[in-house]
Amino acid sequence: MGMWASVDAMWDFPAEKRIFGAVLLFSWTVYLWETFLAQRQRRIYKTTTRVPAELEQIMDSDTFEKSRLYQLDKSTFSFWSGLYSEVEGTDSSFPDHRRSESPILFHSLFILLFGGIPYLWRLSGQFCSSAGFGPEYEIIQSLVFLLLATLFSALTGLPWSLYNTFVIEEKHGFNHQTLEFFMKDAIKKFIVTQCILLPVSALLLYIIKIGGDYFFIYAWLFTLVVSLVLVTIYADYIAPLFDKFTPLPEGKLKQEIEVMAKSIDFPLTKVYVVEGSKRSSHSNAYFYGFFKNKRIVLFDTLLEEYSVPNKDNQEESGMEARNEGEGDSEEVKAKVKNKKQGCKNEEVLAVLGHELGHWKLGHTVKNIIISQMNSFLCFFLFAVLIGRRELFAAFGFYDSQPTLIGLLIIFQFIFSPYNEVLSFCLTVLSRRFEFQADAFAKKLGKAKDLYSALIKLNKDNLGFPVSDWLFSTWHYSHPPLLERLQALKNAKQD
């Protein structure tokens, strides 16, 4: 009887207390669940010290041990940064696809228990008052709040980012950045983020204010337009602020890419190589653009038969071409020949065949549709809940109901259970899409080359091919390596 009496008594608390308690309880439940999964995977890293029999043909013991130690270090880092994040209240752990993509993250113990959100709101109000803006200028105060919040998040996350880059990535041979480059990059990233975040947020808040009963429709349409614009301009105007994009030189690879794109009616306009090697030796490839204006971007670290051009090399090769009639200097040729990572041209084409499969099979459009359906639902539910005073009171806002705070509370806290379920469902869907894209590459006759490319990319990125089934089910947006290779094996043999 005593236990049930205690449970009944809990419901006698005011609504705001119950909401606050539920938010904290769910936050820590998710954290403990994630920690449990991480420990299961960490046990795999510790105990699997020899190459399993099914992997002996594709991975040598030296690479296996390197990848095991790399992932073990990343796991340790993730544990401590995740614990700090949960206690302090901002997201300093990365990468973790289950964390919110919002540039400000307030959750858990310190921020919630000690009233960090209302304190920062009051502080932003004081800054506005000192500048002559009263409480009626809510949008101005909201922008100051965002600026302070993102600055706080950037500063508290900086030590973790430095450690990850200059200790873990450096130790395992991935980091190519200097400290000066890293800091300039971080400052530039913060400035660019503010240039996008602040005006977009101001317009969104204004739309919500003047939108009337159907503001959620206008807010959703606005965010849809913004997301499409950002996707369109990102690689042309934003990404070049951080990385150098160079047109892929004329040659066999470019010709074969164009032929493959034409064979599946992919409206390719340009192929770029991005100088990712100045940051890291990790590799990637992607395409972007809408309608009839598609571009493909290849990381230079993906290309075995490519050397990053620089002024000296270009001048030297130019002089040699003039003197001897050849396009490349011996030094440049040697650099390409001695390159220790990346894929051969045939394997690069296979990887692109997989990526273009996502486009041909409609995966990109499907993801956009799902994202926008979810966005519309969230704005609709926000419209339903925004008038509930107890939601604001639960987080320390007793006398005011700022729209920005309402967005933060409802989208980040109240929707947390829904977001976790949605994230898991999208992870499962992503794995399905990856298998389908692999199958598409097989239909293009690229199974053998994709098979070898996956092995090389796993080796270059020190991916550990053994995983705990529960951890991989919950976290892996891409199927484990062995599953992908098994699906490709029969076609490779054929």
Side-chain angles (χ1 to χ4, degrees), residues 25-56 58-59 63-87 91-101 105 107-108 160 163-164 168-169 171-172 174 282 284 416-438 454-455 457-488:
L25 178 62
F26 184 78
S27 176
W28 276 88
T29 299
V30 171
Y31 170 72
L32 292 175
W33 168 247
E34 296 282 1
T35 301
F36 167 71
L37 293 177
Q39 290 305 312
R40 288 174 61 99
Q41 182 63 23
R42 184 174 174 79
R43 191 179 305 117
I44 296 292
Y45 297 146
K46 286 186 173 180
T47 58
T48 312
T49 57
R50 294 187 178 182
V51 183
E54 63 270 25
L55 292 170
E56 289 179 347
I58 65 173
M59 189 174 240
T63 301
F64 186 83
E65 180 66 8
K66 286 180 180 179
S67 65
R68 186 183 75 86
L69 295 177
Y70 176 52
Q71 297 299 332
L72 194 58
D73 282 348
K74 288 177 63 178
S75 175
T76 301
F77 171 80
S78 180
F79 171 78
W80 288 110
S81 61
L83 178 61
Y84 170 81
S85 173
E86 198 64 24
V87 172
D91 185 22
S92 56
S93 59
F94 57 89
D96 184 348
H97 77 286
R98 292 192 174 276
R99 295 289 183 183
S100 167
E101 294 182 358
L105 290 159
H107 48 84
S108 77
W160 297 97
Y163 186 88
N164 180 71
I168 296 179
E169 296 293 299
K171 174 182 177 181
H172 295 278
F174 288 112
H282 291 297
N284 197 6
S416 288
Y418 164 75
N419 289 335
E420 286 294 320
V421 174
L422 178 64
S423 179
F424 174 71
C425 292
L426 291 178
T427 299
V428 174
L429 181 63
S430 175
R431 285 199 297 270
R432 179 179 176 84
F433 283 170
E434 292 301 318
F435 278 125
Q436 291 176 352
D438 282 351
L454 290 175
I455 295 173
L457 292 174
N458 184 80
K459 177 181 178 180
D460 289 347
N461 293 287
L462 291 185
F464 194 69
V466 184
S467 57
D468 172 76
W469 72 270
L470 188 57
F471 180 88
S472 63
T473 299
W474 188 256
H475 277 289
Y476 285 6
S477 59
H478 286 57
L481 177 65
L482 283 179
E483 293 183 23
R484 295 183 71 179
L485 294 181
Q486 186 61 40
L488 289 166

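Everything quoted here is computed from the prediction, not taken from an experiment.
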Tell me, do [X] and [Y] make a side-chain contact under 4.5 Å, heavy atoms counted?
X    : Y    : result
W474 : L470 : no
L69  : H172 : yes
R431 : E434 : no

Should we count CH2 of W80 as having more than 12 external heavy atoms under 6.0 Å? no
For [X] and [Y], which heavy atoms make the closest approach, and how far apart are they?
X   : Y    : value
L55 : P465 : CD1-CG, 3.5 Å
S67 : G463 : CB-O, 3.7 Å
F26 : P417 : CZ-CA, 3.3 Å
T49 : F64  : C-CE2, 4.0 Å

Name all residues meeting the side chain to side chain donor-acceptor pair (under 3.5 Å) criterion together with [X]; count only those two or more places apart in sequence or in a different chain, and write none if there are none.
X    : result
Y163 : none
T63  : D60
Q436 : H363

Tell me if a side-chain donor or acceptor on S78 pairs with a main-chain N or O of K74 at a distance below 3.5 Å. no
Kindly write out the residues that satisfy ring-ring contact (aromatic ring centres under 6.0 Å, His included) with F471, not counting sequence neighbours, or none if the list is empty. H475, Y476
Hey, could you give me the [atom1]/[atom2] distance between [X] and [Y], rounded to the nearest 0.5 Å?
X    : Y    : atom1 : atom2 : answer
W33  : E420 : CH2   : CD    : 11.0 Å
T48  : Q71  : OG1   : CD    : 12.5 Å
K459 : L481 : NZ    : CG    : 13.5 Å
D73  : L462 : CG    : CG    : 11.0 Å
I455 : N458 : CD1   : CG    : 8.5 Å

Tabulate below the donor-acceptor pairs under 3.5 Å that side-chain atoms of residues 35-45 make, not counting sequence neighbours, or state none.
unit_1, atom_1, unit_2, atom_2, d
T35, OG1, Y31, O, 2.8
R40, NE, D468, OD1, 3.2
R40, NE, D468, OD2, 2.9
R40, NH2, D468, OD1, 2.9
Q41, OE1, D468, N, 2.8
Q41, NE2, Y45, OH, 3.3
Q41, NE2, V466, O, 3.4
R42, NH1, L72, O, 3.4
R42, NH1, T76, OG1, 2.7
R42, NH2, T76, OG1, 3.1

In chain order, what residues pass the salt bridge (charged side-chain N to carboxylate O under 4.0 Å, His left out) check against [X], with sequence neighbours excluded?
X   : answer
K46 : none
E54 : none
R68 : E65

Considering residues at least two apart in sequence or located in another chain, which fulfil the side-chain contact (heavy atoms from CB on, under 4.5 Å) criterion with E169? Y70, N164, F174, N175, H282
